[in-house]
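Before any comments, here is the structure.
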There are 2 protein chains.
Amino acid sequence: MNKKQLQSEQTRKRVADAARQLFVQKGYKATSIEDITDATGSSKGNIYYHFKSKEGLFIYLLDEWDRDWIAKWQEKEHHYTSAAEKMYGFAEQMVREDLNHPLTKAVDEFFVGDDKTSDIEERLAEMVANHISFNRSLIQQGIDSGEFKPGDAEGLAYVLEALVIGLSQVSRRASLQQALDTYRLAIDVFLHGIAT
Amino acid sequence: MNKKQLQSEQTRKRVADAARQLFVQKGYKATSIEDITDATGSSKGNIYYHFKSKEGLFIYLLDEWDRDWIAKWQEKEHHYTSAAEKMYGFAEQMVREDLNHPLTKAVDEFFVGDDKTSDIEERLAEMVANHISFNRSLIQQGIDSGEFKPGDAEGLAYVLEALVIGLSQVSRRASLQQALDTYRLAIDVFLHGIAT
DNA sequence: TAAGATACTGAACGAATGTTCAGGATTCAG
DNA sequence: CTGAATCCTGAACATTCGTTCAGTATCTTA
């Protein structure tokens with residue numbers, strides 16, 4: 001790899017990291033390009049050299065997040081034997097990774113904006129569908145194995161999604177330990193709620 | 001009441017209604033004063049005649065919301081006999097009133113802004129504490145009556161809060177029927193999760 | 001009915017924001 | 001070593017937004 005390519009990749013990463021942190025912290029609209037330049041030392045122009053636009057940068061982060069999250073999950077998934085264990089593992093990864101679900105405030109806020117390009121809207125819809133589908137599969141496994149009551153797996157997938165999104169918001173200003181406790185308690189309740 | 005006073009009150013209400021709808025729909029930052037003038041026909045200046053600022057308008061709406069919500073709740077509360085019934089009633093009012101919890105996206109977004117006045121921040125913290133306290137009391141009643149397992153009522157109050165906040169976000173683009181179904185299912189799970 | 005109070009208008013302003021662009025610096029290929 | 005490619009800068013631009021204010025219309029009061 002070139003020195004040029006290396007440096008380019010490094011700045012790209014530096015910008016992405018700072019932007020991610022800011023978006024999570026302040027939300028999409030409230031984070032300005034200048035906030036990002038302040039945090040990275042890069043110039044405005046440089047950000048637009050590496051990313052198409054603010055929207056593009058945001059979508060890039062979402063994509064990256066999703067990929068990372070799934071990769072990490074797949075490493076762990078084998079080690080869990082029951083659906084209940086998987087559920088706890090799921091919650092723990094949620095907390096430990098970033099104390100924030102990708103579908104959090106920033107995304108929701110981004111969603112309601114009116115001037116999105118249609119391809120970006122498609123991408124977002126796809127992501128939501130993927131998350132629901134992931135949840136449904138997790139729940140369906142438990143139903144099939146007899147751990148959970150047979151029932152509306154799709155509906156429960158939405159409930160789980162709601163729970164996780166809500167937890168990330170409620171826990172945003174909590175300590176790691178508090179967050180872990182709350183998540184664990186929430187999963188406890190959810191599991192008892194759907195257990196046979 | 002004067003014709004002047006009447007008209008003044010009417011416009012005030014007209015502005016508040018439009019603003020509430022827009023804040024819920026688009027979020028705090030994304031809703032401009034001009035959006036509100038477009039929706040009401042009033043001029044910008046007129047909004048600043050009736051409200052101190054955009055922040056002031058928002059806080060006014062929150063206050064109003066909380067008062068209305070509690071008033072409506074207290075009308076109904078007598079008719080419920082068990083804590084479980086109360087819980088379902090709670091969820092239903094949540095959906096029917098506005099399909100949105102007062103502590104929703106807009107508030108959370110408002111929260112992370114950096115330029116709030118300190119008295120407004122106090123007011124917000126107070127509101128959050130009130131909601132948690134409301135939830136805890138609801139749960140404690142169920143524990144006392146033997147409907148729910150004895151346990152961490154405070155922790156469960158946060159879980160319930162998270163669930164409700166998440167539900168409002170997930171249901172934002174759903175039909176009324178879908179929303180009611182999802183909320184009901186969520187409360188089902190939550191109740192089974194903490195039942196004796 | 002006259003004077004004052006109240007309700008409202010809309011142009012103007014300053015601050016902030018996303019984006020562009022002409023050009024400078026650094027590195028690569030031949 | 002030289003020209004081209006790549007990486008980066010920062011001033012400039014066009015918009016948008018919250019807020020103000022001088023002035024007008026409408027109503028109240030005496």
Side-chain angles (χ1 to χ4, degrees), chain A residues 1-20 22-23 25-62 106 109-117 120, chain B residues 1-20 22-23 25-61 106 109-110 112-117 120:
Chain A
M1 179 174 287
N2 270 344
K3 188 173 175 184
K4 272 253 145 109
Q5 291 174 328
L6 183 71
Q7 181 153 47
S8 187
E9 205 173 83
Q10 278 175 342
T11 20
R12 196 182 182 80
K13 186 174 182 338
R14 199 157 36 91
V15 169
D17 286 343
R20 179 172 36 243
L22 285 165
F23 282 139
Q25 220 174 73
K26 313 184 54 172
Y28 178 73
K29 264 227 154 191
T31 300
S32 67
I33 301 290
E34 206 163 355
D35 285 338
I36 300 171
T37 65
D38 286 350
T40 56
S42 275
S43 65
K44 281 186 170 190
N46 197 19
I47 288 177
Y48 281 85
Y49 176 77
H50 288 286
F51 300 95
K52 191 179 148 219
S53 64
K54 194 186 172 187
E55 262 193 356
L57 170 54
F58 189 66
I59 289 288
Y60 172 86
L61 290 176
L62 279 191
E109 187 197 338
F110 184 73
F111 233 103
V112 296
D114 26 19
D115 51 352
K116 284 178 266 34
T117 337
I120 284 183
Chain B
M1 178 175 287
N2 271 345
K3 189 172 174 183
K4 272 253 145 109
Q5 290 176 328
L6 182 72
Q7 181 154 48
S8 188
E9 203 173 86
Q10 279 176 342
T11 2
R12 196 181 181 81
K13 187 174 180 340
R14 199 156 36 91
V15 169
D17 287 343
R20 179 172 34 243
L22 284 165
F23 281 139
Q25 218 174 72
K26 312 183 59 173
Y28 178 74
K29 265 227 156 192
T31 300
S32 66
I33 301 291
E34 206 164 355
D35 286 337
I36 300 171
T37 65
D38 287 350
T40 56
S42 275
S43 66
K44 282 187 171 190
N46 198 22
I47 288 178
Y48 280 85
Y49 177 75
H50 287 285
F51 300 95
K52 191 180 149 217
S53 63
K54 194 187 174 188
E55 258 194 359
L57 171 53
F58 188 65
I59 289 289
Y60 172 86
L61 290 176
E109 185 197 340
F110 185 73
V112 296
D114 27 16
D115 50 353
K116 282 179 269 31
T117 336
I120 283 183

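Per chain, numbering begins at 1; letters A, B, ... match sequence-line order. Values in this document were obtained by computation on a predicted structure and should not be read as measured data.
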Side-chain donor-acceptor pair present, A:Asn46, A:Ser43, cut-off under 3.5 Å:
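Side chains of A:Asn46 and A:Ser43: no pair found under 3.5 Å.
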With respect to the phosphate group of D:dT9, does any side-chain polar atom (N or O) of A:Asn46 fall under 4.0 Å of OP1 or OP2?
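So the side chain of A:Asn46 is within the cut-off, an N or O lying under 4.0 Å from OP1 or OP2 of D:dT9.
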Examine C:dA7: is either OP1 or OP2 under 4.0 Å from a nitrogen or oxygen in the side chain of B:Tyr49? Give yes or no.
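So the side chain of B:Tyr49 is within the cut-off, an N or O lying under 4.0 Å from OP1 or OP2 of C:dA7.
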Measure the shortest side-chain to side-chain distance between A:Arg12 and A:Phe51 over non-hydrogen atoms and say whether it is less than 4.5 angstrom.
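The answer is yes, as the side chains (C-beta and beyond) meet within the 4.5 Å cut-off.
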Ignoring hydrogens and angles, are the base of D:dT26 and the side chain of B:Lys4 linked by a donor-acceptor pair under 3.5 Å?
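Indeed, a donor on one side and an acceptor on the other fall under 3.5 Å apart.
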B:Lys44 (side chain) and D:dT19 (base): donor-acceptor pair under 3.5 Å
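Donor-acceptor pair under 3.5 Å: yes.
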Which one, [options], comes nearest to the side chain of [X]?
{"X": "A:Ser43", "options": "C:dC8, D:dT29, D:dC8", "answer": "D:dC8"}
{"X": "B:Lys3", "options": "C:dT19, D:dC27, C:dA29", "answer": "D:dC27"}
{"X": "A:Ser42", "options": "D:dC8, D:dT9, C:dT9", "answer": "D:dT9"}
{"X": "A:Tyr48", "options": "D:dT19, C:dT19, C:dT6", "answer": "C:dT19"}
{"X": "B:Ser8", "options": "C:dG18, C:dT9, C:dA7", "answer": "C:dA7"}
{"X": "A:Lys54", "options": "D:dT29, C:dG18, C:dG10", "answer": "C:dG18"}

Report the residue (B:Glu34 or B:Gly45) whose heavy-atom-nearest nucleotide on DNA chain D is the more 5′ of the two.
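By nearest-heavy-atom nucleotide position, the 5'-most residue is B:Glu34.
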Please tell me which of B:Thr31 and B:Gln7 maps to the more 5' nucleotide of DNA chain D, matching each residue to the nucleotide holding its nearest heavy atom.
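In this pair, the answer is B:Thr31.
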Rounded to whole angstrom units, what separation is found between the [atom1] atom of [X] and the [atom2] atom of [N]?
{"X": "B:Lys29", "N": "C:dT17", "atom1": "NZ", "atom2": "P", "result": "6 Å"}
{"X": "A:Glu9", "N": "D:dC8", "atom1": "CD", "atom2": "P", "result": "12 Å"}
{"X": "A:Arg12", "N": "D:dT6", "atom1": "CZ", "atom2": "P", "result": "14 Å"}

